[in-house]
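Numbering of ligands and ligand atoms starts at 1, following listing order.
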Amino acid sequence: MDGNPAARMIGWWHGVRASVRGSLLLLVVACVLPVALGAALAIVEAYREGRASLFERALSSSRSMMGVVDGELRYAASGLQLLATSPSLARADFQAFHAQASLALAFHGGNNIVLSAPGGQQLLNTLVRFGEPLPMHGDPALLRRVIATGEPQVSDLFIGGVTRRPLVAVEVPVKVDGRVAYGLAMGFFPERFEALVSGLRPDDDWVVSVFDRHGTIVARTHAPERFVGQRGSPALDEAMQRSDSGLVEAETLEGVTVLAAFSRSPVTGWTVAVGIPKEALLAKLQRWVAGLVAASLLLMAVATVLASRIAARLARSMRSLVELADALGRGEPIDAPRQSLREVDAVAQALLRSSNLLEARTLERDTAHDATAAARMDATRMRHAAEHDVLTGLPNRARFVEELEARVEECVARHEGLAVFFVDIDDFKPVNDRYGHLVGDELLRDFAARLKAGVRGTDLVARLGGDEFAVLLQGVSPGEAQAIAATLAERLSAPYSVQGTGLRVTACIGIANCPADGTSAMQLLAVADAAMYRAKAAGKGGYAMAANLVR
Ligand SMILES: Nc1nc2c(ncn2[C@@H]2O[C@H](COP(=O)(O)OP(=O)(O)OP(=O)(O)O)[C@@H](O)[C@H]2O)c(=O)[nH]1
């Protein structure tokens with residue numbers, strides 16, 4: 001048993017009796033399947049690349065949005081720093097500063113400007129008319145950081161003291177005589193940042209969120225009223241805690257699966273996250289897959305139809321070849337009409353040539369056979385004519401002598417008895433003379449028949465010529481021969497009726513016995529002839545043994 005799987009496979013393949021149609025369909029599947037698989041792999045690869053490219057776009061978008069947010073805050077800080085140098089502040093002329101701050105606010109996207117004492121008491125708020133009572137600083141921690149560092153600071157999301165709404169602020173220190181005398185802040189509503197990042201999105205589906213240093217949503221392009229103030233989705237939140245920028249597949253707070261990228265600002269510690277719905281990518285993939293499936297099915301259908309047609313055509317051609325071959329096998333003449341397939345046509349023409357050749361050979365053989373049969377018939381006829389008498393149909397002298405020679409040899413070898421009768425009609429000439437030769441002929445035929453009927457079927461009766469006949473009796477003793485001759489002479493002398501004429505003739509029989517009277521055909525015939533003459537001499541109508549004359 002061959003253990004090689006490849007050899008076993010080849011062996012199995014050779015053992016399979018497949019139809020043309022089945023083989024062609026297998027070919028179709030074998031061709032289409034790898035193409036479809038290749039296309040599927042290409043789609044998967046394209047999906048991977050598309051995913052990577054989307055991540056890349058999301059990341060670069062998050063960086064550029066972060067830059068814009070940073071720019072806005074920086075711009076606010078620089079505006080505040082400029083405002084902080086106002087002589088009105090040095091003079092503590094807050095009313096004049098209120099007017100200056102309100103004017104400066106118009107050049108920024110901020111909501112208000114607030115001046116606070118180091119202890120947290122708001123001294124001035126552009127949202128409130130000068131002189132009216134003011135609340136405490138909304139984000140005391142921010143003020144403390146500003147005082148502690150002497151540098152501009154950006155807040156986290158907090159609830160504004162006047163607006164009672166979530167907002168963020170940029171605050172700078174106002175130094176008088178070298179020490180921080182106030183905190184000057186510009187507040188922003190989340191909508192300001194929403195507007196900034198929204199304008200940078202290439203697609204409205206993109207979900208962009210701006211987070212403060214603690215991961216709280218400061219602004220959001222989608223449903224800000226629901227989610228500002230909350231933390232991001234757990235996966236994104238976790239990723240943002242781990243690193244300053246990165247990529248993550250996560251669900252938004254609404255439950256939409258997105259490919260998200262985030263970047264943290266090294267300046268403010270804020271983070272911008274951009275989420276691109278995966279659905280768009282999947283929809284594209286679905287379109288590709290649907291296209292691939294449709295193309296594969298179409299290709300398969302077209303190929304199957306073509307294969308079926310080719311198979312049907314081949315099968316038809318093959319069937320016609322089988323019919324031709326069967327007809328050829330039966331030896332029938334065949335007609336091979338032109339086939340549409342070149343190879344099949346070549347076989348059909350070859351079968352036609354074979355048929356023609358076979359027909360020609362058969363004709364030749366039949367002709368030769370007919371000639372042989374005719375020749376054989378002629379030879380048989382000639383042989384028969386050469387060995388038989390035309391009138392009576394009995395073997396003639398030559399045949400009788402030939403047979404006698406053979407039988408004599410046998411009898412001598414076996415020590416068996418054999419007798420030869422020489423029979424001659426008495427006074428036949430007068431019959432001819434009186435009744436004519438036709439009557440004579442008829443009488444000769446009747447005589448021959450009676451002679452034949454008077455001996456055994458195995459005995460050979462021959463006409464030697466004229467009115468002379470001979471009989472060969474094998475296996476008889478001289479005594480038996482004599483008895484047979486006596487009976488025969490008796491029967492032969494009974495009246496004949498020829499053409500309505502009653503005739504009476506007798507015959508003389510000369511008997512020679514082998515081996516007593518001779519051991520050769522000619523010898524025995526001559527002895528019998530002599531005995532017959534002796535019988536005639538004795539008075540006709542009798543028989544005579546070679547040695548003795550009886551009656
Ligand atoms: N009708 C007919 N006659 C034949 C034929 N052959 C020989 N003969 C005749 O047979 C006759 C024989 O006569 P013969 O030999 O003289 O003998 P026979 O007349 O019988 O006289 P015996 O023999 O002495 O008794 C001849 O007249 C032949 O012409 C034949 O085929 N047909």
Next item on the list: Using modelled atom types only, decide if a donor and an acceptor are shared between the side chain of N513 and the backbone of A516 within a distance under 3.5 Å.
Entry: no

Item checked: side-chain contact (heavy atoms from CB on, under 4.5 Å) partners for T519, two or more places apart -> V412, P515, Q523

Next item on the list: Please test L328 against L324 for side-chain contact (heavy atoms from CB on, under 4.5 Å), starting from the C-alpha separation and ending with a verdict.
Entry: CA-CA 6 Å; L328 189 62; L324 288 181; over 6 Å; no

Item checked: Approximate separation, where rounding is to 0.5 Å, of T506 OG1 and D424 CG -> 10.0 Å

Notebook entry, point to check: Hey, which residues fall under 4.0 Å of ligand 1 on heavy atoms?
Noted result: D424, I425, D426, D427, F428, K429, P430, N432, H437, G440, D441, L444, R463, G466, D467, K536, K540

Check: Do F447 and F469 have side-chain heavy atoms sitting under 4.5 Å apart?
Finding: yes

Checklist line | Student check: side-chain heavy atoms of V439 and L503 closer than 4.5 Å | finding: yes

